[in-house]
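Single-structure report; data block below.
The chains referred to below are lettered A, B, ... by the order of the sequence lines, with proteins before strands, and numbering in each begins at 1. Any value given below was found using the heavy atoms of this structure, including those in side chains, with hydrogens, waters and symmetry copies removed.
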Amino acid sequence: MEQREAAERAGHLRQQLDQWNYQYYVLDDPTVPDAEYDRGLQELQAIEAQYPELIDPQSPTQRVGAAPLAQFQQVTHQVPMLSLDNAFDARDMQAFNRRLLERLSLPDAQLEFACEPKLDGIAVSLLYRHGVLERGATRGDGTTGEDITQNVRTIRSIPLRLRGSGFPDVLEVRGEIYMPRDGFERMNRQARERGEKPFVNPRNAAAGSLRQLDARITATRPLQMCSYSVGLVEGGRLPDRHSEILRCLAQWGLRINAESAVVTGIDACDAYYQSLAARRAGLPYDIDGIVFKVNALDLQQRLGFVSRAPRWAIARKFPAQEEVTRLLDVEFQVGRTGAITPVARLEPVFVGGVTVSNATLHNADEIARLGVQIGDTVVVRRAGDVIPQVVSVLVERRPAGATAIVFPTRCPDCGSPVEREEGEAVWRCVGGLVCSAQRKAAIKHYASRRAMDVEGLGDKLVDQLVDEGLVTRLSGLYDLTLTQLVALERMGEKSALNLIDALERSKTTTLARFIFALGIREVGETTARNLAQAFGSWEALLAASESDYLAVQDVGPVVADHLVQFFDAPGNLEEVAALRRAGVTWPDIDTANANALPLAGQTWVVTGKLEALSRDEAKALLQGLGAKVAGSVSAKTDCLVAGPGAGSKLVRARALDVTVIDESALLEALAQHGVTV
DNA sequence: CTACCTCGAGCTCA
DNA sequence: CTCGAGGTAG
């Protein structure tokens with residue numbers, strides 16, 4: 001075949017194959033036998049082999065999976081991928097509706113909702129530029145995910161090129177990648193036949209398949225993609241109703257859920273939920289709830305967002321699955337703060353897609369409330385990502401040998417007495433650092449990634465080090481020698497050297513990390529950062545008084561009290577000194593730096609009703625940029641943010657010639673300083 | 001909390 | 001081959 005003729009034939013074949021592919025994988029409506037599709041594909045492959053210059057990256061032959069990656073690259077979502085608020089029953093849904101109507105000032109409206117099942121898979125983002133699939137990414141934390149382009153390209157229901165026309169220049173499609181039940185069963189059957197370990201549920205199978213560095217493996221997995229919204233849109237317009245946008249996506253060759261529907265009013269949402277719940281078991285895929293979205297985009301915009309979720313959407317979850325099992329034993333774990341937590345050891349039971357063998361019983365009150373005994377038959381509940389729970393006891397099935405759970409009066413680890421503070425539910429071991437469980441927890445926390453980040457120092461190793469008596473205090477970590485380490489189990493020279501090296505590297509840190517690493521009660525990462533920022537140096541922190549602490553962001557009387565207690569306790573200051581002697585060091589923060597925050601020195605006031613933010617949120621964001629947010633307008637006020645309904649403050653601001661901006665200007669100002677809402 | 005992937009390194013046995 | 005650590009996801 002001549003090249004010109006080959007090019008023509010290849011073009012024709014691609015179009016034909018894309019069409020068949022679309023009908024098969026997107027519409028679920030095959031029009032030709034598999035053999036015919038395969039024949040076409042082979043012919044195209046043959047042409048492309050003969051004329052490699054004719055290969056098009058979007059060709060249907062290019063779905064077999066590319067060569068393995070060394071690692072996934074990070075990608076930033078320009079429009080964050082938010083999560084959804086949850087509803088668990090009809091009452092939550094009514095409350096959702098009331099919130100909507102109130103915010104929109106439409107007390108009696110029957111809003112239109114777009115509804116569809118919430119597939120149990122992995123959320124992804126697909127970026128199309130000029131209709132060509134450019135990038136696929138995981139959700140990650142909503143802002144930063146991983147580039148899984150190579151893997152998504154192998155999924156047949158994801159078009160490599162959009163069909164038709166009229167799509168925006170840049171279109172980010174969001175949806176769920178999942179594994180249909182039949183594919184999951186088939187794959188697991190094959191895995192078992194080959195003596196490999198099957199996946200426990202379709203969701204994990206989909207997640208595992210997408211995490212492959214070798215896309216050729218992903219290509220063999222029966223994955224599907226279903227689109228449910230759009231993110232970034234540039235150079236084009238989309239319709240003004242969610243349901244219409246979905247229709248566009250379908251026209252452009254993306255798969256959308258066949259069950260999607262539009263209903264009017266919250267009661268119709270309930271009916272939709274009930275009908276789908278009844279058919280749930282018969283669906284070809286797993287779902288864990290139903291999503292309801294306000295259909296009109298202008299209303300969505302007016303409703304805005306709360307922290308990490310839109311106000312205009314909600315996921316109504318199905319009731320958590322429950323299973324009956326036996327309580328084998330209760331262990332009492334001692335946490336970093338000495339808190340004693342009872343943990344139920346259960347006869348392993350498959351519930352909600354995973355095998356549950358542990359569940360927290362929280363505290364003594366919870367045990368009393370349940371009236372549970374060891375040996376009892378209990379009901380365990382698990383819903384999706386929530387922690388398994390012991391819900392109730394089947395008392396009538398209590399065996400003769402059941403024994404009461406005796407809450408310890410002494411620490412199970414060190415034997416010190418346990419105490420409970422007035423009004424608190426948790427009992428704590430008073431042993432402090434005498435208690436090896438607390439020491440272990442303290443060291444694990446110190447070494448953890450967000451604290452001092454000692455790579456390679458995991459739970460098991462810490463247990464060993466403490467049990468062998470090699471480390472009795474934090475600073476003891478830095479005294480470890482090669483000889484000591486090599487003597488440990490599963491520790492060769494290489495591992496030992498790596499650990500010593502990691503410890504050495506951890507010594508250079510920041511004040512914020514160090515404060516966090518100390519494990520002061522109630523002082524988490526954020527508070528530690530605020531303290532570091534406010535005081536700049538360890539000395540300044542130490543010299544500060546309780547009232548100085550109270551002046552720091554997010555520090556209330558409780559945290560301030562814990563700080564004072566920490567510094568008053570005898571061993572702590574000596575321990576910090578020992579750590580610094582061992583070489584732990586950080587740069588002091590120029591406290592002038594704190595004043596370098598963009599709005600430092602300015603005083604703002606927020607009044608009236610805001611839409612995208614609550615007043616408290618606006619206040620917090622402004623404070624984050626260094627502004628002082630006052631309650632009333634004075635001559636010293638730099639700027640007034642006035643929403644609708646602003647009254648005397650607005651009048652006074654005008655009188656005093658204070659700058660007044662509205663909410664959109666505020667959002668813009670925040671965005672200018674890198675704060676997106 | 002559970003499950004999964006990946007990697008480095010130690011252990012085991014030929 | 002197995003283990004532990006580190007990371008991701010829901």
Side-chain angles (χ1 to χ4, degrees), chain A residues 68-75 81-84 86 118-125 137-142 144-148 151 176-179 184 187-188 191 196-215 217-218 221 286-289 308 315 317 320-321 333 341 343-346 348-362 380-390 444 447-450 453-465 485-499 501-502:
Chain A
L69 261 41
Q71 72 222 327
F72 296 119
Q73 298 299 311
Q74 297 236 311
V75 297
M81 292 180 80
L82 303 163
S83 46
L84 289 181
N86 290 327
K118 187 176 194 300
L119 302 193
D120 198 6
I122 314 296
V124 292
S125 139
T138 61
R139 196 188 97 93
D141 63 4
T144 315
E146 285 178 324
D147 187 327
I148 51 165
N151 291 340
E176 198 86 352
I177 289 180
Y178 63 101
M179 194 176 284
F184 170 73
M187 201 183 77
N188 268 356
E196 290 163 13
K197 203 169 145 259
F199 287 98
V200 294
N201 61 41
R203 204 199 70 73
N204 285 335
S209 301
L210 282 181
R211 294 212 57 72
Q212 297 287 341
L213 289 174
D214 187 344
I217 300 176
T218 314
R221 303 282 169 84
D286 282 359
I287 64 177
D288 60 353
R308 312 205 47 75
K317 296 299 191 97
Q321 297 190 45
Q333 287 180 353
T341 310
V343 179
R345 301 285 174 222
L346 304 165
V349 59
F350 195 70
V351 47
V354 298
T355 306
V356 170
S357 37
N358 303 309
T360 171
L361 288 168
H362 299 109
V380 179
R381 173 189 297 166
R382 201 197 99 106
D385 50 354
V386 306
I387 294 157
Q389 245 189 316
V390 175
K444 288 171 191 173
S448 68
R449 196 160 66 94
R450 295 178 177 290
D453 194 18
V454 184
E455 223 182 302
L457 187 52
D459 285 11
K460 295 281 156 119
L461 190 49
V462 172
D463 288 349
Q464 269 192 80
L465 291 172
L485 288 172
V486 172
L488 294 174
E489 236 171 276
R490 284 196 69 82
M491 180 60 89
E493 192 162 344
K494 180 79 179 160
S495 303
L497 282 170
N498 283 347
L499 179 62
D501 184 48

Ranking C/dG4, C/dG10, B/dT2 by distance to the side chain of A/K460, first place goes to C/dG4
When you measure from the side chain of A/R211, which nucleotide among B/dA9, B/dA3, B/dC5 comes out closest?
B/dC5
Is there a donor-acceptor pair closer than 3.5 Å between any side-chain N or O of A/Q212 and the backbone N or O of A/T218?
no
Per atom distances to the A/D120 side chain, the nearest of B/dG10, C/dG10, C/dT8 is C/dG10
Is there a side-chain contact between A/D120 and A/Y178 in this structure, where contact means two heavy atoms from C-beta onward sitting under 4.5 Å apart?
no
Between C/dT8, C/dG10, B/dC5, spot the one nearest the side chain of A/E146, thanks.
C/dT8
Does A/D459 reach a base, just sugar-phosphate, or nothing at all? Heavy atoms under 4.0 Å.
sugar-phosphate
Taking A/N151 for the side chain and A/R211 for the main chain, is one N or O donor matched with an acceptor at less than 3.5 Å?
no
Check whether any side-chain nitrogen or oxygen of A/N204 sits under 4.0 Å from OP1 or OP2 of B/dT2, and answer yes or no.
no
Mind checking A/Q212 for me? I need base, sugar-phosphate or nothing, with any heavy atom below 4.0 Å counting as a touch.
sugar-phosphate
Tell me: CG of A/L69 to C1' of B/dC5, nearest whole Å?
14 Å
Minimum side-chain heavy-atom gap A/I287-A/L119 below 4.5 Å:
yes
Tell me: NZ of A/K317 to C1' of C/dG10, nearest whole Å?
8 Å
Nucleotide C/dT8, atom P - distance to CZ of A/F199 in whole Å
19 Å
It should be established whether A/R449 places a side-chain nitrogen or oxygen under 4.0 Å from OP1 or OP2 of nucleotide C/dG7.
yes
What's A/G121 touching, base or sugar-phosphate or nothing? Going by heavy atoms closer than 4.0 Å.
sugar-phosphate
Closest to the A/T138 side chain: C/dA9, B/dC11, B/dC4?
C/dA9
From the options B/dA3, C/dG10, B/dC4, select the nucleotide whose nearest atom is closest to the side chain of A/R382.
C/dG10
Nearest whole Å is fine: how far is C/dA9 P from A/M81 CE?
10 Å
Touch class at under 4.0 angstrom, heavy-atom based, for A/F72 against every strand present:
nothing
When the distance from CD1 of A/I177 to P of C/dA9 is rounded to whole Å, what number comes out?
13 Å
Using atom CD of A/Q464 as one end and atom P of C/dG4 as the other, report the distance to the nearest whole Å.
9 Å
DNA chain B: 5'-proximal contact among A/P198 and A/P388 (nearest heavy atom)
A/P388
Using a cut-off of 4.0 Å on non-hydrogen atoms, how would the nucleic acid contact of A/A205 be classed: base, sugar-phosphate, or nothing?
nothing
In whole angstroms, how far is the P atom of C/dA5 from the CG atom of A/D501?
18 Å
At under 4.0 Å between heavy atoms, what does A/K197 touch on the DNA or RNA strands: base, sugar-phosphate, or nothing?
sugar-phosphate
Among C/dG10, B/dG10, C/dT8, which is the nearest nucleotide to the side chain of A/I122?
C/dG10
Taking everything shown except A/E455 itself, do over 12 heavy atoms lie less than 6.0 Å from its CD?
no
First encountered from the 5' end of DNA chain B, between A/E489 and A/S209:
A/S209
For a quick check of understanding: with a heavy-atom distance under 4.0 Å over all strands, which category does A/T360 fall into, base, sugar-phosphate or nothing?
nothing
Is there a side-chain contact between A/S495 and A/R490 (heavy atoms, below 4.5 Å)?
no
The side chain of A/E455 is closest to which nucleotide in this list: C/dG6, C/dG10, B/dC4?
C/dG6
Of the candidates B/dT6, C/dG10, B/dG10, the side chain of A/L213 sits closest to B/dT6
Reckon A/N358 has a side-chain N or O less than 4.0 Å from the OP1 or OP2 of B/dT2?
yes
How is A/L461 classified with respect to the nucleic acid when contacts are heavy atoms under 4.0 Å: base, sugar-phosphate, or nothing?
sugar-phosphate
Mind calculating the distance between CG (A/L488) and P (C/dA5) to the nearest angstrom?
12 Å
Has the side chain of A/S125 got a donor or acceptor atom that lies under 3.5 Å from a matching backbone atom of A/A137?
no
